[in-house]
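Whatever order the structure lists ligands and atoms in, that order sets their numbers, starting from 1. These values consider heavy atoms only, across backbone and side chains, with no hydrogens, waters or symmetry-generated copies. Each residue takes its place number in the sequence, starting with 1.
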Amino acid sequence: MTDWRSSPFDPVEDDDKLKEECGVFGVVGVSSAANFTALGLHALQHRGQEAGGIVVHDPEQGFNTVRRFGYVRDNFTQQDVMDMLPGPIGIGHVRYSTSGSKGATAIRDVQPFFGEFAMGGAAIAHNGNITNADSLRRELIERGSIFQSSSDSECIIHLMARSLQRNIPERMKDALRRVEGAFSVVAMTRTKLIGVRDPLGVRPLVLGKVGDGWVLSSETCALDIIGAEFIREVEPGEMVVISEKDGIVSHRPFEAKKPRFCIFEHVYFSRPDSILGGQSVYSTRENIGRELAKEAPVDADLVCPVPDSGTPAAIGYSLESGIPYAMGIIRNQYMGRTFIEPSESIRNMGVRLKLNVNRALVRGKRIILVDDSVVRGTTSHKIKEMILEAGAAEVHFRIASPPTAWPCFYGVDTPQREKLLAATMSTEEMREHLGVDSLKFISLDGLYRAVGEAKGRDPASPQYCDACFSGDYPVEPSDQIHKGFQLKAAE
Ligand code: SF4
């Protein structure tokens, strides 16, 4: 896929964006699971660009794995690599580290993780974050587990090793009942593909069908690339065990809870061509723009997106307001890894390396700039300067998410709370800080309406996880609380 958001290899990495997460993919019952998995991971590359890995099983050659740093397209397209990965069943993972070592990641932290058990091997790939990983890890190490990585996800393998159950799916249930937080897990044995979502279903996981085979993926865009049919979402709290012999068997290993899917997947994380909750992500983003135009109208000449993630919301804002849409900022699509180790002077060019103002268009105009979020505010500030330098008469920021005032502990890399602009400033203070003519964020209720909740957010029992906006954490982040994190005081 095109690099429509910042990459860890990018020297002008956009610190005004939250970084998710990971992407997971698995397939069973096809002639070459590795080829399908590589394509699926390529479609999920926006969920993690740091590293990727594939594990397969072949009846003659057993389990094989390749784990590499960098993009899927650079690692899993070479014939010699793919020749090492034969077999009809496989899983894969793309990673942006949300736990474990950051920056200088070790290859030992790259998933999938593999464990050899008495009843055979199993591999797992995890998207999300385990909020009690520190205490689990301490306990497991005290009881003799030897960890190979610094990743929270490895706890699952060690908990499975300690279970007394007789088969891998049952051991996995035991393990995941001890785990708190957000997890969408894709796992495999020699013959079974397993998918599990945490009881709240915070992170996505979908089920698809390709020929006689079955697919699990973080998003539907990875089904499209291999020509698979979207069947349904794996439900919150559900485990599906899929084999060529038995087809799909659904289990409910956890106590039932009201789902709290991550609302930010709709705003930013998922690809616009994916389907979430039966709804096109692109249309939801357009709806967000429409809501924003209703809530925060302003007299102006042009609506321009901050590319590329602000584009559908800007189109929605333009359609609702009747103000023409235009590409006032152009993104250089070829930044990629060109400047992996830039000189200081190139680094100082910052956002200009990536975005350029369409001067002829903006000169003398009152511009509405639509972006998906403001995290630290640094990039918004630079963009505003570029637009004014190019001769714009006014700059009005409209943001397609509420102020991000709280960190995410469920698999998204967020700066510490004090680094989030909205944690320390009111909207008016942020407007002054950014130096723009006006600044408005969509309200939480407006965002809920845009994702299809006509009555907005139910404050007594919210329909989504929105903790990074509201401070209402659906799963207590116990490791963070031990480290001194202060939850929001009850109102
Ligand atoms: S805290 Fe925000 S980013 Fe994290 S899961 Fe909840 S809504 Fe998503």
Under 2.8 Å from atom 6 (Fe) of ligand 1 - does any N, O or S atom of Cys465 fall there? yes
Using a 4.0 Å cutoff against the non-hydrogen atoms of Arg203, which atoms of ligand 1 qualify? 5 (S)
Regarding Arg431 and Glu428, does a basic nitrogen lie under 4.0 Å from an acidic carboxylate oxygen? yes
Starting from atom 8 (Fe) of ligand 1, what is the nearest protein heavy atom, named by residue and atom, and what distance separates them? Cys262 SG, 2.3 Å
Which is it for Val202 and ligand 1 at heavy atoms under 4.0 Å: side chain, backbone, both or neither? side chain
Show the nearest heavy-atom pair for residues Met327 and Pro305, with the distance to one decimal. SD-CG, 4.1 Å
Tell me which one of Arg171, Arg177, Arg178 satisfies salt bridge (Lys or Arg N to Asp or Glu O under 4.0 Å) with Asp174. Arg177
Using a 4.0 Å heavy-atom threshold (strictly under), name the region of Arg260 that reaches ligand 1: side chain, backbone, both or neither. neither
Cation over ring face, Arg137 and Phe147, 6.0 Å, 45°: yes
Lys483 atom NZ, over 12 foreign heavy atoms within 6.0 Å: yes
Is Asp224 salt-bridged to Arg271, cutoff N-O under 4.0 Å? no
Would you say CD of Glu418 has more than 12 non-hydrogen atoms from neighbouring residues, nucleotides or ligands within 6.0 angstrom? yes
If the cut-off is 2.8 Å, does any N/O/S atom of Cys468 fall short of it from atom 4 (Fe) of ligand 1? no
Proximal atoms of ligand 1 relative to Phe269 (non-hydrogen, under 4.0 Å): 3 (S)
For atom 4 (Fe) of ligand 1, closest protein heavy-atom neighbour: Cys408 SG, 2.3 Å
Side chain, backbone, both or neither: Tyr473 near ligand 1, heavy atoms under 4.0 Å: neither
